[in-house]
Amino acid sequence: MVLDIDTPVYSARKGFLAQAKRLDVGKAIDLPEHRRLINQCEKMLSVTAASMVFLYSTKRVHVVPAAAVVQHKDTNLYDILTYSLHWLYHDFAICWFGDPAIQATDRVALEGLRDRLDARAGVRLVGRSRDTIIYGEDKLIDPEILR
């Protein structure tokens with residue numbers, strides 16, 4: 001996931017890596033899948049410390065740092081202190097979390113980043129001031145031109 005915000009008073013370009021696992025609260029992940037997750041976390045952490053694991057349960061998504069998953073010895077990942085997806089995105093948006101080395105300012109760059117990291121999906125969040133609108137394929141148009 002990458003964030004690309006550019007306004008007159010705030011500018012941020014950064015990202016983080018995430019791996020998702022479906023796991024109901026209170027259940028342990030099976031051993032082969034646990035080993036696979038550890039390998040995935042180590043791969044993400046070799047790129048950036050801004051790496052997370054999303055644990056999807058039937059009720060909500062729990063967030064755990066990839067570093068905590070690698071260090072945790074047990075297959076019950078819910079023994080690790082988790083926090084909500086809401087707080088992860090909050091901290092990401094206000095720049096308390098994220099890696100400025102992970103950037104994508106357009107679709108081509110996002111696709112290149114996704115390929116380089118061997119990720120199945122990439123998400124790019126774009127924020128601009130009200131006097132700028134986004135039109136078409138990542139083109140920024142001054143609203144005065146449209147008048």
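One is the number of the first residue; the rest follow in order along the sequence. Keep in mind that the numbers below use all heavy atoms, side chains included, and drop hydrogens, waters and symmetry copies. No experiment lies behind these values; they were computed from the predicted model shown.
- Contact annotation: the side chain of F54 approaches that of L88 to within less than 4.5 Å [non-hydrogen atoms, C-beta and beyond].
- To the nearest 0.5 Å, atoms CG (D99) and CD1 (I102) are separated by 4.5 Å.
- V53 and V63 fall into different hydrophobic clusters, where Ile, Leu, Val, Met, Phe, Trp and Tyr are joined by side-chain heavy atoms under 4.5 Å apart, directly or via other members.
- Distance CD1/I94 to OH/Y89: 15.5 Å, rounded to 0.5 Å.
- Taking a 6.0 Å sphere around CG of L31, one finds it holds more than 12 heavy atoms contributed by other residues, nucleotides or ligands.
- Taking each heavy atom of Q103 and K14 in turn, the nearest pair found is CG-N, 4.3 Å.
- Going from atom CG of L23 over to atom OG1 of T75 covers 9.0 Å, rounded to the nearest 0.5 Å.
- With hydrophobic clusters built from ILVMFWY side chains whose heavy atoms lie under 4.5 angstrom apart, V47 shares a cluster with V2.
- Residue A104 comes nearest to L113 through the heavy atom pair CB-CD2, 4.4 Å, listed as atom of the first residue, atom of the second, then distance.
- Pairing each heavy atom of N76 with each of D74, the nearest pair is N-OD1, 2.8 Å.
- Note: F97 and F16 have tilted aromatic rings, judged against thresholds of 30 and 60 degrees for the angle between ring planes.
- Counting only distance, with no hydrogens or angles, the side chain of R128 and the backbone of D4 share a donor-acceptor pair below 3.5 Å.
- Residues passing the ring pair (Phe, Tyr, Trp, His ring centres under 6.0 Å) test with H62 are Y78, sequence neighbours excluded.
- Using modelled atom types, no side-chain atom of R22 and backbone atom of L55 make a donor-acceptor pair closer than 3.5 Å.
- Taken from CZ in R124 to CE in M1, the straight-line distance is 12.5 Å, to the nearest 0.5 Å.
- Across R60 and S84, no two heavy atoms sit closer than the pair NH2-CB, 3.3 Å.
- For the atom pair CG (L125) and CG (L3), the distance works out to 6.0 Å, reported to the nearest 0.5 Å.
- In this structure, the side chains of R36 and K21 come closer than 4.5 Å at one or more pairs of heavy atoms.
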Derivation and outcome, salt bridge (Lys or Arg N to Asp or Glu O under 4.0 Å), residues D24 and K59
CA-CA 8 Å; D24 287 324; K59 304 264 185 218; over 6 Å; no
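- By the criterion of side-chain heavy atoms lying less than 4.5 angstrom apart, applied directly or through intervening Ile, Leu, Val, Met, Phe, Trp or Tyr residues, Y83 is not grouped with L17; the two fall into different hydrophobic clusters.
- Heavy-atom minimum distance, E33 versus D30: N-OD1, 2.9 Å.
- The structure places SG of C41 at 8.5 Å from NE2 of H34, a figure rounded to the nearest 0.5 Å.
- The side-chain heavy atoms of V64 and M52, taken from C-beta on, include no pair separated by under 4.5 Å.
- I29 and V69 fall within the same hydrophobic cluster, where Ile, Leu, Val, Met, Phe, Trp and Tyr residues are linked whenever their side-chain heavy atoms come under 4.5 Å apart, directly or through other members.
- In this structure a side-chain-to-backbone donor-acceptor pair under 3.5 Å is present from R114 to A119.
- Closest non-hydrogen pair, A93 versus Y10, comes out as O-OH, 2.7 Å.
- Scanning for side chain to side chain donor-acceptor pair (under 3.5 Å) contacts around Q71 gives an empty result, with sequence neighbours left out.
- When hydrophobic clusters are built by joining Ile, Leu, Val, Met, Phe, Trp and Tyr residues whose side-chain heavy atoms come closer than 4.5 Å, directly or via intermediates, L37 is grouped together with I80.
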